[in-house]
**Student:** 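The structure's right below; bear with me while I get my questions together.
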Amino acid sequence: MLTEKDGGVALVTVNRPQVLNALNREVLLKLRKVLEELESSPDIRVVIITGAGDKSFVAGADIAGMVEMTPDDAREFSRLGHETFGFIDAMTKPVIAAINGYALGGGLELALACDIRVAAENARLGQPEVGLGIIPGFGGTQRLSRLVGPGRAKDLILTGRTVTAGEALSMGLVEYVVPQGEALSFARRVASQILEKSPSAVTRAKSAINRGLDIPLEQGLRLEEEEFSLCFSHPDQKEGMRAFLEKRKPRY
Ligand code: HXC
């Protein structure tokens, strides 16, 4: 795992290029530790996750490490993935996936846990697990259907087929497609747009969206009222609105 910090943005690179950045227990534990550190770093406001090399974001969980697992080992591994990726959901800071190549299986599940996905044209995305005699185990059966709907999720998961970046864009599986080699620089541009905005409002918006996904609409709207009201107890609201009225940029 490599981490670089630059002007409020942290770049986390999954770094096992010899196996297309496949995730094993050790990598998941390191990822979790790095994300925890970034969450508590006041100088960091946005996190970008990418994969080392120009071929792969993350080609899945490490198949060699799973082949001899018992059912108990598998449950524990799945839970470790859920805890790690669940931490991304719970982070107060937005996390952007810069998908620079293959995002398969656990790799797509990592991207699904991120808030915004930028894919390079050469990216290939899918949940090929059923071809290996397993199902997605790092959140794919749950997060994919929430993002693209149950029909598309079942198509991808039951056939195990891989989609191009263009098809992923058309089904809402990624938010942007950019030329090969530009996923990271584009993700940085998205990050810089976020950096201009109120950090407390960004955090509240992420949290309201994530928490709202799991509750009925009426409850979600009550949650929004509460979060909206709380914005008015933060100085960023006065600063943002006064700056607009005074025709100047807000200072957050
Ligand atoms: C272990 C992997 C790997 C993986 C690639 N490698 N993906 N090793 N686990 N997920 C290794 C290859 O074995 C190979 O090692 C090296 O990386 C380069 O890969 P190649 O296959 O030679 O590259 P290429 O022919 O270009 O094919 C790229 C590919 C293919 C299409 C991405 O590697 C592939 O299909 N990988 C597996 C994708 C997958 O099924 N992912 C889902 C895993 S299950 P050597 O030593 O030969 O050079 C999963 C479950 C999540 O993610 C939930 C768990 C709880």
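Numbering of ligands and ligand atoms starts at 1, following listing order.
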**Student:** Could you tell me if any non-hydrogen atom of Pro128 lies under 4.0 Å from any atom of ligand 1?
**Tutor:**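 Distance cut 4.0 Å: Pro128 passes for ligand 1.
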**Student:** Hey, is Gln127 one of the residues with a heavy atom under 4.0 angstrom from ligand 1?
**Tutor:**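 Judged by the 4.0 Å heavy-atom criterion, Gln127 does not count as contacting ligand 1.
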**Student:** What about Phe57 and Tyr102, are their ring centers closer than 6.0 Å?
**Tutor:**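 Not under 6.0 Å, so no.
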**Student:** Taking only heavy atoms of Gly137, which atoms of ligand 1 are found under 4.0 Å from at least one of them?
**Tutor:**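 Ligand 1 atoms under the 4.0 Å threshold to Gly137: 53 (C), 55 (C).
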**Student:** Using distance alone, decide if ligand 1 has a nitrogen or oxygen within less than 3.5 Å of any nitrogen or oxygen in Lys55.
**Tutor:**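 N/O-N/O distance below 3.5 Å exists for this pair.
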**Student:** Counting each atom of ligand 1 from 1 as listed, which ones have a heavy atom of Leu104 under 4.0 Å away?
**Tutor:**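 Near Leu104, meaning under 4.0 Å from one of its heavy atoms, ligand 1 has 32 (C), 38 (C).
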**Student:** For ligand 1, is there an atom lying under 4.0 Å from some heavy atom of Arg124?
**Tutor:**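 So Arg124 does not count as touching ligand 1.
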**Student:** Looking only at N/O atoms, are Ile63 and ligand 1 under 3.5 Å apart anywhere?
**Tutor:**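 Between Ile63 and ligand 1 (N or O atoms, distance only) the closest approach is under 3.5 Å.
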**Student:** Would you check whether Ala61 has a nitrogen or oxygen atom less than 3.5 angstrom from a nitrogen or oxygen atom of ligand 1?
**Tutor:**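 Yes, since at least one N or O of Ala61 sits under 3.5 Å from an N or O of ligand 1.
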**Student:** Between Ala59 and ligand 1, is there a nitrogen or oxygen pair with a distance under 3.5 Å?
**Tutor:**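 It does: an N or O of Ala59 is found under 3.5 Å from an N or O of ligand 1.
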**Student:** Which ligand 1 atoms, with their elements, are less than 4.0 angstrom from a heavy-atom of Glu109?
**Tutor:**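 With Glu109 as reference, the close atoms of ligand 1 come out as 51 (C), 53 (C).
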**Student:** Hey, which atoms in ligand 1 end up nearer than 4.0 Å to a heavy atom of Gly106?
**Tutor:**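 Once the distances to Gly106 are compared, the set is 49 (C), 51 (C), 52 (O).
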